Amino acid sequence: MLNKYARALFAAIFTPVAALLVRLKVSPDAVTIVGTLGVAAGALIGYPRGELFWGTVVITVFVFSDIVDGLMARMIERTGPWGAFLDSTLDRVGDGAVFAGIVIWFYTGGHNSFIAAMALTCLVLGSVVSYAKARAEGLGMTANVGIAERSERLVVVLVATGLVGLGVPEAVLAVVLVLLAIASLITIFQRVGTVRRQAQRGSQPAAK
């Protein structure tokens, strides 16, 4: 739901930026790569130093490249499997960097092993959520279901981490990560169930 409505709003906001980059002959792939590098830098440089708020600000700025590159691709009519593959692959890199940065900080300078463990749990479960969808599509099925899709997971963890950086109690982030882990686990079961039903329908003999 967040993805559906938020993308429409931000697409309207960033269309002029995308149009400017197209006029400057910037490649959508370049925007995708730079955006991922920015997210990774904010997460793997800012977070491990305890800069949870400013790290989140940097990450948030570069996260919007995911919208800009898509707008650019449509403007120059260059949508296709390569762009989709690159975008999805680098999205996973960025997501992994965000959770890895949280894990590093709270296992070291943050001295909160529970938050670190939950962030690691969310990282693993989030990877399985994404893999389940990708594998289903690779087998000719769909798994577009679940209560914890990528955009929701990313927004929730960034907001909570940024607030902790501003002085909000760490318990807030701990609760968010626990809920996110539960939601991710539920999403995995939802996707597995959806694919299983499709597979069973496909294996049934045709009615005579």
Side-chain angles (χ1 to χ4, degrees), residues 1-8 10 32-33 35-36 38-40 42-44 47 55-56 59-60 62-67 69-70 81-107 114-162 164 172-202:
M1 183 177 293
L2 176 64
N3 192 51
K4 177 181 177 182
Y5 295 107
R7 275 192 173 270
F10 287 120
T32 303
I33 293 169
T36 301
V39 169
L44 298 178
Y47 283 177
T56 299
I59 293 167
T60 302
F62 282 101
V63 158
F64 288 121
S65 66
D66 192 43
I67 296 174
D69 60 9
W82 163 248
F85 169 79
L86 181 66
D87 192 54
S88 295
T89 301
L90 294 187
D91 279 349
R92 304 291 88 75
V93 173
D95 294 355
V98 169
F99 284 99
I102 295 172
V103 171
I104 293 170
W105 168 246
F106 283 102
Y107 260 138
F114 179 76
I115 289 181
M118 290 312 305
L120 183 58
T121 301
C122 289
L123 173 58
V124 173
L125 292 176
S127 298
V128 177
V129 168
S130 297
Y131 177 80
K133 179 180 178 181
R135 183 58 176 156
E137 292 174 347
L139 294 171
M141 294 179 279
T142 60
N144 296 317
V145 297
I147 60 174
E149 296 197 19
R150 175 185 178 263
S151 56
E152 283 84 351
R153 297 196 307 269
L154 189 60
V155 168
V156 168
V157 76
L158 287 178
V159 169
T161 304
V164 170
V172 172
L173 179 57
V175 171
V176 165
L177 290 172
V178 169
L179 294 176
L180 188 57
I182 294 171
S184 297
L185 187 60
I186 292 172
T187 298
I188 292 171
F189 281 111
Q190 288 177 307
R191 292 188 172 183
V192 169
T194 296
V195 172
R196 178 174 172 77
R197 287 190 293 273
Q198 293 175 68
Q200 289 177 327
R201 287 196 299 268

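Model, not experiment: these values are computed from the prediction.
When each of K133, R150, R153 is checked for a salt bridge (Lys or Arg N to Asp or Glu O under 4.0 Å) with D91, only R150 meets the rule.
Two residues are said to be in side-chain contact when any heavy atoms from C-beta on lie closer than 4.5 Å; I188 and R191 fail this criterion. Contact of the M141 side chain with the E137 side chain is not registered, since no non-hydrogen atoms from C-beta on lie closer than 4.5 Å. Within the 4.5 Å cutoff, no side-chain heavy atoms of V175 are placed close to those of M118.
Looking at every heavy atom in both residues, C122 comes nearest to F99 through CB-CE2, 3.6 Å. Of all non-hydrogen atoms in L173 and A160, the two that sit nearest each other are CD1-CB, 3.7 Å. Of all heavy-atom pairs between S184 and V129, the closest is O-CG2, 3.6 Å. Contact between A181 and L125 at its shortest, heavy atoms only, is O-CD1, 3.4 Å. The shortest non-hydrogen separation linking L158 to T56 is O-CG2, 3.4 Å. In plain terms, the two heavy atoms of F62 and G35 that are nearest each other are CB-O, 3.5 Å.
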Check the pair I104, Y47 against side-chain contact (heavy atoms from CB on, under 4.5 Å), reporting the backbone distance first and the verdict last.
CA-CA 8 Å; I104 293 170; Y47 283 177; over 6 Å; no

Taking it one step at a time, do F85 and L90 satisfy side-chain contact (heavy atoms from CB on, under 4.5 Å)?
CA-CA 9 Å; F85 169 79; L90 294 187; over 6 Å; no

Apply side-chain contact (heavy atoms from CB on, under 4.5 Å) to F114 and L177, showing your working.
CA-CA 10 Å; F114 179 76; L177 290 172; over 6 Å; no

Stepwise, does the side-chain contact (heavy atoms from CB on, under 4.5 Å) test hold for L123 with L120?
CA-CA 5 Å; L123 173 58; L120 183 58; 4.3 Å; yes

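Note that the CZ atom of R197 and the OG1 atom of T194 stand 4.5 Å from one another [nearest 0.5 Å]. To the nearest 0.5 Å, atoms CG (L154) and CG (D95) are separated by 5.5 Å. Here the straight-line distance linking atom OG1 of T121 with atom CD1 of I182 works out to 11.0 Å at 0.5 Å rounding.
In this structure, Q190 contributes its side chain and I147 its backbone to a donor-acceptor pair below 3.5 Å.
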